[in-house]
Amino acid sequence: SVLEARFQARIDAEEKIEPNDWMPAAYRRTLVRQISQHAHSEIIGMQPEGNWITRAPSLRRKAALLAKVQDEGGHGMYLYAAAETLGVSREELVEQLVSGKAKYSSIFNYPTLNWADIGAIGWLVDGAAIMNQIPLCRCSYGPYARAMIRVCKEESFHQRQGYELMLTLCRGTPEQKAMAQDALNRWWWPSLMMFGPSDTESVHSGQTMAWKIKRFSNDELRQKFIDATVPQGHFLGLTFPDPDLAFDEATGHWQHGEIDWSEFARVVAGDGPCNRQRLAAKRKAEADGAWVREAALAHADKRRQRQAAAWRVAAE
Amino acid sequence: SVLEARFQARIDAEEKIEPNDWMPAAYRRTLVRQISQHAHSEIIGMQPEGNWITRAPSLRRKAALLAKVQDEGGHGMYLYAAAETLGVSREELVEQLVSGKAKYSSIFNYPTLNWADIGAIGWLVDGAAIMNQIPLCRCSYGPYARAMIRVCKEESFHQRQGYELMLTLCRGTPEQKAMAQDALNRWWWPSLMMFGPSDTESVHSGQTMAWKIKRFSNDELRQKFIDATVPQGHFLGLTFPDPDLAFDEATGHWQHGEIDWSEFARVVAGDGPCNRQRLAAKRKAEADGAWVREAALAHADKRRQRQAAAWRVAAE
Amino acid sequence: MSTPLFAYTLRLADDALVLGHRLSEWTSRAPTLEEEMALANIALDLIGQARVLYSYAGEVEGRGRSEDDLAYFRDEAAFGNLLVNELPNGDFAFTVVRQALVSAFMLPYWTALTASRDATLAAIAAKAEKEVSYHLRHAAEWLVRLGDGTDESRRRSIAALDELWPWTGEMFEMPDDERALAEAGIAVDRAALKAEWSRTVDTILEEATLDRPRDGWMQTGGRRGVHTEHLGSMLAVMQSLARAHPGATW
Amino acid sequence: MSTPLFAYTLRLADDALVLGHRLSEWTSRAPTLEEEMALANIALDLIGQARVLYSYAGEVEGRGRSEDDLAYFRDEAAFGNLLVNELPNGDFAFTVVRQALVSAFMLPYWTALTASRDATLAAIAAKAEKEVSYHLRHAAEWLVRLGDGTDESRRRSIAALDELWPWTGEMFEMPDDERALAEAGIAVDRAALKAEWSRTVDTILEEATLDRPRDGWMQTGGRRGVHTEHLGSMLAVMQSLARAHPGATW
């Protein structure tokens, strides 16, 4: 259609699409799915890290972790707001999360088992997220692109903080270094999976590339991440749990062993270590908070009515 | 009345009164109140000690503490059973406890704040309880006397175990010894209050003495306890939190300072450190378990009906 | 170097840490995302206050103890915080009512402490005053919503108020070693803040259409290290990792 | 002296301690006084099993570690217990269903282990077999009552069964170092017990009028020290006092 052609022309010209602009239904649908999935990931991602707030081993780390988790809540808020510009409400989106209809990043279905996991999440998980998200700062949909600029700035702070935490552990006692190694062992492969299936398998890529929602392929981003991260890990004195990891002088890239995509598929489908736990915790929080949200609405209502009555009196 | 005179004669002859024997209504009432209060004390007493089961510092102590708390549940069971022989049901008694109508020993309204409190409860609280309870083994009401024989045997084991725990701490590190001293500081006065008001103030004593429910006055029992306990404390190398504590060569007794009866009255009336907490915990356990008890009844009922049906079929 | 000043500063720090820790337990459990952020903000403020106070206490003590030594390597009986701060969070109404009652006291407290002759405490107080003024406003707004909201929120608010009231008296107690400090213009007379606290609370309760509970016997003990059973369990968790690796740097 | 025997004994001990600890958390919270006693009995049996197993593991290791060194001074990742044992207690239905599922496995396990060539393990197994036979009977009776009780108890039983089922597969996994021990007649082939377990569970579920959940993906990791987030919190509390006073005698 003419509208579609004009829309694509704007995209091609690197113009931003804004909420009131015409857009194809599929573009809108894709964005809602991607943005809300991203928002849900921030929200569910608060759980594994939140697990260590009460046990953080120093006050400085406790404050930093709490602030980090709070930032994630903030990211969730910006992203829900960006999704709302596309005509869905936050309530609908949360309902989709709680009912299990909506997905969130599968990485958060892994447990945080020792303190180094907090470092590893910052270093690897936030690191991988940034690789995915930096191109999104130039995404064709304006509100999403602007939200991502803010998110990326904070994420890269978190990433540096996570790496610094790992560094402290790796320069600490043997027990602390062992924690760091254990965390790397458990988080490395799931982090690589965060970029999604290999390009040969990926379903949505073609159209989202054309719409400039996505700008690089999964494998390209994964390779960028590996190339950036492996030297960092070696600097920490840690070993990656991949015997096939090797530097290819010819290409200048780190080659990695085969990713267990059956594990990825399984965890996405619901059978990960913590899928049920995460959803149950979220459901419980929503259910426990229902009376509070109702009270806030009821009070706002009473207030409005009282104000209206006061105006009527004043008008008489 | 003739019945009353005959009843008192049996008591005077040290005969035991049994459930089916005639007894004055006031005797029955007094016993129900005393036995159920005693049972409730065992049940509520599980809470302060239970507070340390998950943190017991060695497996031996963990097992011993769990077994001890279990014994207290057992005492509660014998005592409820003894009370039931007087025509009240356990449900009624528990209802009185949960509704706050029935009392329990006020000592359990104090918190257990360090591990030595577990030793102090065994040494002092069980020690005081035994002083109160040994004469009850000869109480005129048969079922109560027999329950107390069993209870006393276990309590004196707990008392020795508690003292041994204190001894271990007092021979341990300075921190451990400080725990023991801290525990003695907090538990000493409340333990003395366990014997009840001074004889000059005590209300029920005369009649219960005549009925041989009680055989010694509050002050007599308290003095016995102090005389037995003070040398034990000194052997531990601990200081009692009573500057007036002094051995009277003339009487051969330890003299103690004034007891703060206003504190006692206040805590009995409901304003102790843990009164609300203890009752709330008991209420929560009862409420949380309601569906289980209902299920057990429903299942027993179904079973009976199926059996009855089977018999009818067999009879046809 | 003075021991009363050390003990005093430590108590202020313990108050902040213990309540901050409790609030941090709300993480990923709050009733709304906005409230998630707000509770974390308040917790962060309090943990921040605890950090500077512990650091200063360590300096005053002069034995080289760091903020973490004081937070992670003292036993329950050495903590001098208010009992009300250590009570478990309960439901959201309990958390809100506690925050309102405590902040209504802490705001005039910090205001008064800005005039302390101890320049460090005065500076800490000036920052804390701003923070707590937000805590009070936030908690009061919620209390009004809950008290004047639905039947359920009202019922829960009344229950929380009733539950918490006996723990408020301790706020106005002056530990012995604090009197001299107050007379010297270093610390603040806590008892003198009772009237202002009362007015603030009455104003909030009135807007929340809630009755003020009657004063009865008041719980006490925290300042002497005699706590509730809840602090021990909280510290067991909070200190577990630090204590498992004594001497480690994090 | 063999490391596999040490690791194996330790896993058995961890299984017993972790589940025993969970059950001990029911203290003063059980639905009836009788059940209070029964849960404490089972917990005591399990803690007792853990004690002799840790002692024996310490002996086998030969480095002088006591039962308490092994229970209180190992980190989460060193624990080799089944994940199912570390899950929080949930409601009474969850506790009952877990106890039934685990006991239905442990009974034939201990029975088989009574024939171990390792005399100490055989003796421990003989005692444990008697104990677990009671645990199984007790849990099964409750499960029948709950499954065939009220609508609510039935609903809760189904939910617990559904929740717990994915954690049962791990019981039949043979850690590598256990195979050789089993072949040497010291340990027991866990996988070989699956059929008997299945029959026992089916019998109980039938009487409880409950459907057996379908087998799906099964959780795993405990044997390699990769646990749920729940074990860390449990150990933080359990080990707190012992770790705060390293080297002390209790």
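Quick caveat: nothing in here was measured; it's all calculated off a predicted structure. Lettering of chains follows the sequences in order, A, B, ..., and the numbering in each one begins at 1.
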Q: Examine distances only and state if a side-chain atom of D/N89 and a backbone atom of D/T95 form a donor-acceptor pair shorter than 3.5 Å.
A: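 Not confirmed, D/N89 side chain does not pair with D/T95 backbone.
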
Presence of salt bridge, [Y] and [X], under 4.0 angstrom:
{"X": "B/R293", "Y": "B/E286", "answer": "yes"}
{"X": "D/R223", "Y": "D/D15", "answer": "yes"}
{"X": "D/R29", "Y": "B/D288", "answer": "no"}
{"X": "B/D182", "Y": "B/R186", "answer": "yes"}
{"X": "D/R63", "Y": "D/D69", "answer": "no"}
{"X": "D/E34", "Y": "B/R90", "answer": "yes"}
{"X": "B/D301", "Y": "B/R304", "answer": "yes"}

Where does [X] contact chain D at under 4.5 Å (heavy atoms): side chain, backbone, both or neither?
{"X": "B/K62", "answer": "side chain"}
{"X": "B/Q176", "answer": "side chain"}
{"X": "B/M166", "answer": "neither"}
{"X": "B/I43", "answer": "side chain"}
{"X": "B/T173", "answer": "side chain"}
{"X": "B/V69", "answer": "side chain"}
{"X": "B/L169", "answer": "side chain"}
{"X": "B/R60", "answer": "both"}

Most chain D-contacting option - heavy-atom pairs closer than 4.5 Å, from [options]:
{"options": "B/A296, B/A295, B/A285", "value": "B/A295"}
{"options": "B/K282, B/E72, B/R61", "value": "B/R61"}
{"options": "B/A300, B/G119, B/A281, B/A67", "value": "B/A67"}
{"options": "B/P57, B/A56, B/G289, B/G50", "value": "B/P57"}
{"options": "B/A287, B/A298, B/A290, B/S58", "value": "B/S58"}
{"options": "B/M77, B/R171, B/E175, B/R303", "value": "B/M77"}

Tell me, for [X] versus chain B, whether the close heavy atoms (under 4.5 Å) come from the side chain, the backbone, both or neither.
{"X": "D/N41", "result": "both"}
{"X": "D/E67", "result": "both"}
{"X": "D/S28", "result": "both"}
{"X": "D/A93", "result": "both"}
{"X": "D/F92", "result": "both"}
{"X": "D/L44", "result": "both"}
{"X": "D/L39", "result": "neither"}
{"X": "D/V96", "result": "neither"}
{"X": "D/A71", "result": "side chain"}
{"X": "D/R243", "result": "neither"}

Please indicate whether [X] has more than 12 foreign heavy atoms, meaning atoms of other residues, nucleotides or ligands, lying under 6.0 Å from its [atom1].
{"X": "D/E207", "atom1": "CD", "result": "no"}
{"X": "B/F157", "atom1": "CZ", "result": "no"}
{"X": "B/K302", "atom1": "NZ", "result": "yes"}

Euclidean distance, [Y] [atom2] relative to [X] [atom1], rounded to 0.5 Å:
{"X": "B/T112", "Y": "B/Q47", "atom1": "OG1", "atom2": "CD", "answer": "10.0 Å"}
{"X": "D/S157", "Y": "D/E152", "atom1": "OG", "atom2": "CD", "answer": "10.0 Å"}
{"X": "B/L238", "Y": "B/W123", "atom1": "CG", "atom2": "CH2", "answer": "6.0 Å"}

Return the option, out of [options], with the maximum number of heavy-atom pairs under 4.5 Å with chain B.
{"options": "D/D151, D/L146, D/T32", "answer": "D/L146"}
{"options": "D/E36, D/E25, D/H245", "answer": "D/H245"}
{"options": "D/A244, D/S66, D/S153, D/A50", "answer": "D/S153"}
{"options": "D/L33, D/I47, D/T150", "answer": "D/L33"}

Q) Does the side chain of D/H135 reach to within under 4.5 Å of the side chain of D/V132, using non-hydrogen atoms? A)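 The answer is yes; the side chains approach within 4.5 Å.
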
Q.
Evaluate D/Y56 against D/D118 for side chain to side chain donor-acceptor pair (under 3.5 Å), listing each step before the verdict.
A. CA-CA 11 Å; D/Y56 184 51; D/D118 182 305; 2.4 Å; yes

